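Here is the structure we will look at.
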2 protein chains.
Amino acid sequence: MTQRPFEGMKNLLKDAGLRPTRQRLVMARALLEGGNRHFTPEDLHAELANEGLRVSLSTVYNNLNKFTSAGLLREVVVESGKTFFDSNTIPHHHFFDEGTGSLYDIPEDKILIKNVPEPPKGLLISGVDVVVRVVKS
Amino acid sequence: MTQRPFEGMKNLLKDAGLRPTRQRLVMARALLEGGNRHFTPEDLHAELANEGLRVSLSTVYNNLNKFTSAGLLREVVVESGKTFFDSNTIPHHHFFDEGTGSLYDIPEDKILIKNVPEPPKGLLISGVDVVVRVVKS
DNA sequence: ATTAATGCAAAATCTTTGCACTTTC
DNA sequence: GAAAGTGCAAAGATTTTGCATTAAT
């Protein structure tokens, strides 16, 4: 994991074409410093609030979307009605615990996928997502 | 594809522990007669309305959920904020066209998946879903 | 100074629920 | 006639948007 120096966050945002506002710096630090994270907008908003960092919920939503468009985050779809974001943008797969709603990364090269058929005419494969659903045993 | 006889629908529902009401028969016919289908609750509601078959949207939602619990349908999660149902309950995978929102089945045995890692402690694999995202080429 | 971002409240989705009425068993 | 299902309108939950204010270039 690249432990990004504090000052680097500003450049990270600038390089992504995003103005380094206080709110975005706070979000970027929480998300991109340290290890891979899976979270909903609410999760992040609550976490920041807990630390006394106030960023409005709509700004959290708006910026998570901008971060995602800029390639800083990735969206993971595993449950209808909830959006998860993933700070790991390298292609990879997931375990999804249906009971708790927790996600766990599976490195892409751990799973062998072969013989993916040709897509329908006029379409190109943009990505392959594997979700391994798990339940309490 | 098993073309279920008209009368069979009643038994299908009964066998699933669901009272064969007019609304459920109408839904079951639309969904389970003929080939595999992918649809949202809104899709189905509009389709029925088009044919002059009135079933309230809440009843469509409620019954799609009951059908799913009963194993008559399956839920497919590919896009946050939208629930897709699939009348094909046999395990299989999907192409998802991000542009149009269309789903296409991929038979389970077409794709070879190997080396799925052990799930985290205390968890058991309940299913493996592969979504092949495709875009206009 | 210009342009973009924030925060709030309001609106837009999508889905579930409470309850009186109707249908099935 | 008891139990379950329906339909409506209302409530929930999640996400986006309009707009005045504030901050970044």
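Reminder, nothing fancy here: chain letters follow the sequence lines and each chain counts from 1. Please read these numbers as outputs of a predicted model, since none were measured by experiment.
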Could you state the [atom1]-[atom2] distance from [X] to [N], rounded to the nearest angstrom?
X: A:Glu79; N: D:dT15; atom1: CD; atom2: P; answer: 11 Å
X: B:Lys14; N: D:dG5; atom1: NZ; atom2: C1'; answer: 16 Å
X: A:Lys66; N: D:dT15; atom1: NZ; atom2: C1'; answer: 15 Å
X: A:Phe85; N: D:dT14; atom1: CZ; atom2: P; answer: 14 Å
X: A:Lys82; N: D:dT15; atom1: NZ; atom2: C1'; answer: 14 Å
X: A:Leu25; N: D:dA24; atom1: CG; atom2: C1'; answer: 12 Å
X: A:Glu42; N: D:dT15; atom1: CD; atom2: P; answer: 8 Å
X: A:Asn62; N: D:dG18; atom1: CG; atom2: C1'; answer: 12 Å

Closest approach to the side chain of [X], judged atom by atom: which nucleotide of [options] is it?
X: A:Pro20; options: D:dG5, D:dA24, D:dT17; value: D:dA24
X: A:Tyr61; options: D:dG7, D:dG5, D:dT16; value: D:dT16
X: A:Leu57; options: D:dT15, D:dG7, D:dT25; value: D:dT15

How is B:Asn65 classified with respect to the nucleic acid when contacts are heavy atoms under 4.0 Å: base, sugar-phosphate, or nothing?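 Result for B:Asn65 = sugar-phosphate.
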Within the 4.0 Å heavy-atom criterion, would you say A:Thr83 contacts the bases, only the backbone, or no part of the nucleic acid?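 Sugar-phosphate: the residue A:Thr83, judged by heavy atoms under 4.0 Å, touches backbone atoms but no base.
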Between the protein and nucleotides 9-11 of chain D, list every N/O to N/O distance that falls short of 3.5 Å.
none

Counting only heavy atoms not in B:Arg54 (residues, nucleotides, ligands), do more than 12 fall under 6.0 Å from its CZ?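 No, CZ of B:Arg54 has 12 or fewer neighbouring heavy atoms, counting only those of other groups under 6.0 Å.
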Residue whose nearest DNA chain D nucleotide is more 5′ - B:Ser80 or B:Arg54: B:Arg54
Using heavy-atom distances to pick each residue's nearest nucleotide on DNA chain D, tell me which of A:Arg22 and B:Gln23 is more 5'. B:Gln23
Who pairs with B:His94 by ring-ring contact (aromatic ring centres under 6.0 Å, His included), at least two apart in sequence or on another chain?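 B:His94 satisfies ring-ring contact (aromatic ring centres under 6.0 Å, His included) with B:His38, B:His92 once adjacent residues are dropped.
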Go through the structure and list residues passing salt bridge (Lys or Arg N to Asp or Glu O under 4.0 Å) with A:Asp129, not counting sequence neighbours.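 Partners of A:Asp129 by the salt bridge (Lys or Arg N to Asp or Glu O under 4.0 Å) criterion, ordered by chain and then number, come out as A:Arg74, B:Arg133.
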Please name all residues satisfying salt bridge (Lys or Arg N to Asp or Glu O under 4.0 Å) with A:Glu47, sequence neighbours left out, ordered by chain then number. A:Arg37
Counting only non-hydrogen atoms, which of residues 68-77 of chain B are less than 4.0 Å from DNA chain D?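 Close to the strand, none.
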Search all heavy atoms of [X] against all heavy atoms of [Y] and return the closest pair with its distance.
X: A:Ala70; Y: A:Leu18; result: CB-CD1, 4.3 Å
X: A:Gly71; Y: A:Thr89; result: O-CG2, 3.5 Å
X: A:Glu75; Y: A:Thr68; result: N-CG2, 4.4 Å
X: A:Leu32; Y: A:Ser87; result: CD2-CB, 4.2 Å

Can you see whether A:Thr59 engages A:Asn62 through a side-chain donor-acceptor pair at a distance of less than 3.5 angstrom? no
Distance only, no hydrogens: is a donor on one side chain within 3.5 Å (strictly under) of an acceptor on the other, for A:Asp86 and A:Asn36?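 Not at all, the side chains of A:Asp86 and A:Asn36 share no donor-acceptor pair under 3.5 Å.
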Could you list the cluster mates of [X]? Members are the ILVMFWY residues connected by side-chain heavy atoms closer than 4.5 Å, either directly or through other members.
X: B:Val77; value: A:Val77
X: A:Leu57; value: A:Tyr61
X: B:Tyr104; value: A:Phe95, A:Tyr104, A:Ile106, A:Ile111, A:Ile113, A:Val116, A:Leu123, A:Ile125, A:Val128, A:Val130, A:Val132, A:Val134, B:Phe95, B:Ile106, B:Ile111, B:Ile113, B:Val116, B:Leu123, B:Ile125, B:Val128, B:Val130, B:Val132, B:Val134

To the nearest 10 degrees, how far apart in direction are the end axes of the helix from C:dA1-D:dT25 to C:dC25-D:dG1, each fit to five base pairs? 30°
For D:dG7, does OP1 or OP2 lie under 4.0 Å from any side-chain N or O of B:Thr59? yes
Tell me, which pairs form a side-chain hydrogen bond (donor to acceptor under 3.5 Å, both in side chains) where one or both residues lie in residues 116-126 of chain B, sequence neighbours left out?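 Found none.
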Between which nucleotides of DNA chain C, 5' to 3', does chain A make heavy-atom contacts below 4.0 Å?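 Listing 5' to 3', DNA chain C meets chain A from C:dT3 to C:dC8.
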Ring pair (Phe, Tyr, Trp, His ring centres under 6.0 Å) contacts touching residues 65-91 of chain A (sequence neighbours left out):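 Of all non-adjacent pairs touching residues 65-91 of chain A, none passes ring pair (Phe, Tyr, Trp, His ring centres under 6.0 Å).
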